[in-house]
Amino acid sequence: MTFAGVLSMATARLRAAGLERPEVDVRRLVAFAAGIGTDRLSLHLREEFVAGEALERALAARLARQPVSQITGERLFWGRSFRVTPDVLDPRPETEELIAAALEEPFARLLDLGTGSGCIALSLLAERPAATGLATDLSEAALAVARGNAERLGIAVEFRISDWLSRVDGRFDLIASNPPYIAAAEMAGLAPETRDWEPHLALTDGGDGLGSYRAIAAGAGAHLRPGGRLMVEIGAGQGTAVAALFEAAGLGDIRIRPDMDGRDRVVCARAA
Ligand code: GLN
């Protein structure tokens with residue numbers, strides 16, 4: 001069968017199983033099984049592809065709702081490839097809004113709280129090679145993935161186990177975080193890809209979804225340089241509550257930024 005034929009066969013199988021937008025997934029899975037980049041796939045459409053074991057395994061995993069990034073082991077984020085495992089949150093395009101916001105001003109010293117795959121810290125440090133950074137996580141397994149990504153990308157950053165700011169010292173120009181913000185009560189309603197495959201530690205605080213922001217708001221002020229910025233990803237609908245937490249913590253210049261879909265996605269604040 002040609003690559004084109006394999007693509008339509010695989011797309012039909014995923015669609016029949018009720019997966020949404022199977023075309024995008026299938027391109028990544030077929031390219032992965034063939035050992036080529038997704039961006040090269042179109043060049044091979046008329047060629048023969050003997051769809052073997054690798055594609056069968058990939059499709060079976062996808063039919064079991066495993067996220068494509070976990071199956072292929074990688075995800076493109078802000079132009080770079082990150083290793084993704086079930087120990088870290090799959091980097092999502094909406095988090096790129098936080099990167100864009102962070103890069104609007106210079107910074108020399110960066111702190112990323114709950115770094116997961118490392119996608120925020122490593123993207124920001126890649127863009128600002130003169131800056132230095134500390135990236136924390138509560139999960140040793142996540143830090144191992146982040147360390148691997150730092151090595152692969154050739155970016156120097158210090159990693160440390162920490163429960164939010166508990167083991168952080170020093171002051172920073174920029175504190176960034178994509179914390180777990182899904183309320184415990186909302187977990188059951190998530191897509192199976194997220195609920196059944198991604199680390200719950202990275203998704204929910206186990207409470208009302210604002211617990212991480214309370215911890216970050218309580219500690220950030222003592223670790224920001226004068227004029228330093230705090231920048232967090234939020235879930236749609238949390239903007240007002242998170243802005244209020246930051247204001248109560250004595251931070252100023254609070255802004256809520258939407259993502260490309262128009263949903264509130266990032267809250268920014270500044271130390272006096
Ligand atoms: N954006 C993720 C989702 O909606 C949640 C990530 C997070 O809690 N930080 O599934």
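As the structure lists them, so they are numbered: ligands from 1, and atoms in each ligand from 1. Side chains are part of it too, since the values below use all heavy atoms of this structure and drop only hydrogens, waters and symmetry mates. Numbers for residues simply follow the sequence, beginning at 1.
Polar contact check, L89 against ligand 1: no nitrogen or oxygen pair lies under 3.5 Å apart. For ligand 1, one of its N or O atoms has an N or O atom of R92 under 3.5 Å away.
Ligand 1 is never approached by G235 to a heavy-atom distance shorter than 4.0 Å.
Between D169 and R160 there is a salt bridge, since at least one side-chain N of the basic residue sits less than 4.0 Å from a carboxylate O of the acidic one. Ion pair E56/R13 flagged as a salt bridge, since at least one NZ, NE, NH1 or NH2 atom sits closer than 4.0 Å to an Asp/Glu carboxylate oxygen. Between R28 and E74 there is no salt bridge, since no side-chain N of the basic residue sits under 4.0 Å from a carboxylate O of the acidic one. A salt bridge is absent between E104 and R229: the closest approach of a Lys/Arg side-chain nitrogen to an acidic carboxylate oxygen does not fall below 4.0 angstrom. Using a 4.0 Å cut-off between charged nitrogen and carboxylate oxygen, R80 and E127 count as a salt-bridge pair.
For ligand 1, the atoms lying closer than 4.0 Å to a non-hydrogen atom of P180 are 8 (O). Under a 4.0 Å criterion applied to the non-hydrogen atoms of P179, ligand 1 contributes the atoms 7 (C), 8 (O), 9 (N).
Nearest non-hydrogen protein atom to atom 1 (N) of ligand 1 is Y181 OH, 3.0 Å.
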